[in-house]
Structure formats: structure tokens, C-alpha cells
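Okay, structure first, notes after.
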Protein chains: 2
Amino acid sequence: MAGRAAVPEVIWARPERTGRGPRPAYTRADIAAAAVRIADAEGLDGVSMRRVAAELGCGTMSLYNYVPRKEDLYELMIDAIGAEHVIQEPSGDWRADMLRNAMETRAIMHRHTWVPRLMSGVYGFSPNSLRYLEHCLECLEPLDLPYATKTELVALLNGVVTTYTSNEIATAERTRSMPWSEEEENAVRIAYLGSQVATGAYPRLAAAFMEQSGPIDLEGVFRRALERVLDAFDPERR
Amino acid sequence: MAGRAAVPEVIWARPERTGRGPRPAYTRADIAAAAVRIADAEGLDGVSMRRVAAELGCGTMSLYNYVPRKEDLYELMIDAIGAEHVIQEPSGDWRADMLRNAMETRAIMHRHTWVPRLMSGVYGFSPNSLRYLEHCLECLEPLDLPYATKTELVALLNGVVTTYTSNEIATAERTRSMPWSEEEENAVRIAYLGSQVATGAYPRLAAAFMEQSGPIDLEGVFRRALERVLDAFDPERR
DNA sequence: AGCGCACTACGTACGCTGTACGTAACTAGG
DNA sequence: CCTAGTTACGTACAGCGTACGTAGTGCGCT
């Protein structure tokens, strides 16, 4: 009657403990913490079922009692990270509050650089995600807009945060894995881009590159993007 | 002297043909096309070096003459998809043009649902990417802003397009892989969310869900997000 | 109280992955 | 013409996710 449990089952719908059988040796929090520890230390590719099981000190296949598919392990990791959000009383200034939320998310991602890679392809309704979403809505209380628009604001803002931080991390890791200095790397890049631009096929691109001088202020770029998005929803700014 | 080629070498910097040795049997375009064909038909996970080689009709390891790492194969795929952008003369209305570009990107992604998954972690300076970027800057010619700001606009817009379309695709694939009807799936989801909301921990979330009725107009949500972003850069709108 | 079943634990095994390495054939530049 | 650099590709290895089978454990129901 119950039939086969279909693939897309969401882990948060499963009870952590059913009551029957031996007491589980680990909690979901234990498992998530172990996986996070590995990802922080060795990168996301270091997170394999075998490796996590070893970190916990149990057999590989025992993990599958807790986590039916690896994807669900990822879900646990994202939720665990979500716990790092410090929910604090809204100030009444929704722009400031949302900006703070965004900056905190960015900081968390820089602390756990594997998070953006996991953000796409994850269900998005973990307990801590719900908690964070609720908090955002609370911060937006002073804003007189329907909830539909407010959720659109939150979604847009979160999307921007993820995209931008993801790019920051990718760039940072690219330059980190360089055997050469950053200057040399830039030289190589400029050389390639220069060779393309020199064909004359990309005049505006060339102009854009000429215009820019010195290193880019990544945090500045990020903040400006956020301000733009907030502007777009601010009744006093339009 | 030349030493080991370091890992992060960019494939676009390599010449496709050096002149020495036997004439290569395939072009980069051939390889990209084969990989794209597989990804379209069997999903991105179907794209393995062996599978692509088989599709081309050559030995697995021969592929490594063309593509030093699998990541570079992904780069080829993204570039191949970029060729589907129809570059047309700017109309003079930069908002309309950019909106068209965004909608076209979205359409391409819906045609090749694996694209968003690849977009993060890819270098982003393939020939067709440059071509598209140049075209965007051309569309923005009527807008009186420094190039730095214009590139920020393009980046923000592209980020939004990728994020939103990625979500659309994820949702679509989730419901597609359901053995149940969409209604039933919604019922299950509501049941879970309901159970969470019923705890009283998420009053605003609950209100937001109550407010919404009927299915969401995804394209509408997308268009509205785009308009917001464009608003944020439109001098006449502030 | 005690039976039975649902659960935990985990070893083995399968099919798959990316790719390092070695060898043979080939061709363009000096 | 020769030879160095390239293409082609078979073999092999380490690692992956996970299906499956078996043994042990303790809650819930009768």
C-alpha cells in the first residue's frame, strides 16, 4: 500500500527517529557537522559518503540509514550553515536590516566557500531556511507592500548575493591555485583578452577595459548591486 | 624551460591546431556539438569523457588531445550554446533590447536545461561570451553611464536571468520526476510546509502562503524582476 | 510477558567515473 | 630526409555512489 518511496522525497519530511529499533548512534546535526568539517578543510569534493562515514567513525553504508541519497547530505549541510545566521531584532529600518542580512550571508559563504555550489539544486525549505525567510519578512514589516512582492524582493536579493559571492569565491580560488603571482596571472589574462580585443571585433569591450584601472573593489561592487536592488523596491526612491 | 603547464590554463588560449603532427580528426565545434547533443538527450550526468568519445567515434583518451580536462569540455559546451544568441541591430531603446536579450537567454536555457548548472564555475571569456557581452554594451550605447556601471548592469542582469531560470528548471524537473500528479505533489508540499507553519514559528510565512492562491506565473515573476533591475539603472525612472 | 517486526549496522560487490601513462603511427619544419 | 612534436588509443588505477544481503537490537502490540 505504502508502495515504493519515490525518489524526490524530501528529507525534512522524514522523522529523525521513528521509535522502533536500536537507538541511532548519531543525530542529523552530528552528520551535518562532520560533512561541513570535511568540506571546510578539504573542499566539497572531499565530501564523499565513505569520507563522512569515516569522520563519524562508522561504516559507509550505515550513513544511508540517516541519509537516503547524497543529495540529502548536501541538504543537511546547507541547513547546518543556515544556523550561523544571527537573527537579531529588526531595527525598523528595513533597508539597513536587509543589507545586514545580505552582508552576513556573504560572510558565511566566504567562511564556507562550498556553499554557493550547493545552493543551486537544493530544495530550499530546510528548517533554518524557513527561519531565515521568516526573519527577512519580519525585517520587511515596515515596508508597505503585499507579501507576494516582499518574497520577490527576498528572492531577488538572495539570488544576487549568491551569484556575486560565488563569483568572488571563484576568482579568489582561481588566483589561489595559481603557481604564478597575481600580477603574472593578470598579465596572462590581459594578454589573451588583449589578443581578442586587438582583432577589433570588440570595440566597446576594449573601451571598457581601457577605462578600468587598478584592482576592482569587490565589496564595493557587491554593495552597489544590493543598493540598486533595494532601490527598485523602495517607494521613497522612485 | 616551458615547464609543466599549470592547471588553470584557459582552453581559449591554446591554439586549436599547431601545424605539427597528423591532422586532428575533429574540430572543437564537433566535440562541443557531440557533448551538447548528449546533454540535451540524456542530461548533464550523461556527459562523460567515454560517452562523448563514443559519440564522436574515437577512443576515450583521444579526447584528451583536444580537451586537457573535463572542465574544459564544459567550457566548450557553454561557448557552443552562446552561438545560439541571435545578435540583431540595437533598436535604440536600450530597455527593450536588454529585455529581449534576457528573454532570449532564458529561452536558450530552457532549451538546454543543463546550462545553468554549468554557468557557475566556468571562466566566462569564451569567444561567444565576449561576442554577447559586446552586443549588450552596444545595446546600452544610448544609456549615458560610464562603462564600469554598464558592465555592472550587464552582470547583474545576467545573474538574475541565470538564478531565476535555474530555479524554474529545477522546479520543472522536480515535478517531472514525480510519479504523482502535480496536484498531489503540491498537497504533499503543503502538508509539510503546513506542519511547519502550524507550529506558529513562522507567522509571516504563513500569511504569505495564505495570500497566494493558484499557481505562480513564473514568466511574470521573471519579467518583473528584470524590470526592477532595469529600473534601478534607468535615469528617467529615479 | 513475550513475540515479531521495523529498525540499525555494515561488508561486499557492481558499474561507473576522470585521467596518468606507455606505445605506435604520422607529418610538418629545419 | 630526418626527427621532434603531435595524434590516437588501450590499459590500468583509485575513487565514487549505492544496491543488496545479513546479523543484531529493542519498541510496540497482543
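Just so it is clear: chains get the letters A, B, ... in the order the sequence lines come, proteins before strands, and each one is counted from 1. Values in this document were obtained by computation on a predicted structure and should not be read as measured data.
Residue A:Thr60 places none of its side-chain N or O atoms closer than 4.0 Å to OP1 or OP2 of C:dC10. A close approach under 4.0 Å does occur between a side-chain nitrogen or oxygen of A:Ser62 and OP1 or OP2 of C:dC10.
In terms of position along DNA chain C, the nucleotide closest to A:Ala25 lies nearer the 5' end than the nucleotide closest to the other residue of the pair B:Pro68 and A:Ala25.
When rounded to the nearest whole Å, the span between CG of A:Leu73 and C1' of D:dC16 equals 14 Å. Regarding B:Arg51, its CZ atom lies at a distance of 18 Å from the P atom of C:dT19, rounded to whole Å. Taking atom CG of residue B:Asp45 and atom C1' of nucleotide D:dT18, one finds them 15 Å apart after rounding to whole Å. The CG atom of B:Leu56 sits 15 Å away from the P atom of D:dT7 (whole-angstrom rounding). Distance A:Glu42 CD to D:dG15 C1': 14 Å, rounded to the nearest Å. Spacing between atom NZ of B:Lys70 and atom C1' of C:dT17 amounts to 8 Å, rounded to whole angstrom units. Put simply, OH on A:Tyr26 is 10 Å from C1' on C:dA9, counting in whole angstrom units. Between the CE atom of A:Met49 and the P atom of C:dC10 there is a distance of 14 Å, given to the nearest Å.
A salt bridge links A:Asp45 and A:Arg117; the closest N-O separation between the charged side-chain nitrogens and carboxylate oxygens is under 4.0 Å.
A:Ser62 and A:Asn65 share no side-chain donor-acceptor pair at under 3.5 Å.
Under the side-chain contact (heavy atoms from CB on, under 4.5 Å) rule, B:Val154 has a single partner from B:Thr151, B:Asn158, B:Leu157, which is B:Asn158.
Closest contact between the side chain of A:Met61 and the listed nucleotides C:dT19, C:dT8, C:dC10 involves C:dC10. With distances taken from any side-chain atom of B:Asn65 to the nucleotides D:dC16, C:dG18, D:dA8, the minimum falls on D:dA8. Considering only side-chain atoms of A:Arg50, the nucleotide from C:dT8, D:dT18, C:dC10 that sits closest is D:dT18. Considering only the side chain of A:Tyr64, D:dT18 comes nearest among C:dT8, C:dG18, D:dT18.
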Expected rows: protein N/O vs nucleotides 25-29 of chain D N/O, under 3.5 Å:
residue	atom	partner	partner atom	Å
D:dC27	O4'	A:Gly19	O	3.4
D:dC27	O3'	A:Gly19	O	3.2
D:dC27	O2	A:Arg20	NE	3.4

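A:His135 is not listed as a side-chain neighbour of A:Arg131, based on a closest heavy-atom distance of 4.5 Å or more.
If you check every strand for non-hydrogen atoms under 4.0 Å, A:Tyr66 touches sugar and phosphate atoms only.
On a pure distance criterion of 3.5 Å, no polar donor-acceptor pair joins the side chain of A:Arg69 and the base of D:dG17.
Side-chain N or O atoms of B:Glu42 include none that pairs as donor or acceptor with a backbone N or O of B:Val47 at under 3.5 Å.
Relative ring orientation between B:Tyr164 and B:Phe222 is described as tilted, the plane-to-plane angle lying within the 30° to 60° band.
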### Task
Test B:Asn128 against B:His85 for side-chain contact (heavy atoms from CB on, under 4.5 Å), laying out the working first.
CA-CA 9 Å; B:Asn128 276 318; B:His85 271 291; over 6 Å; no
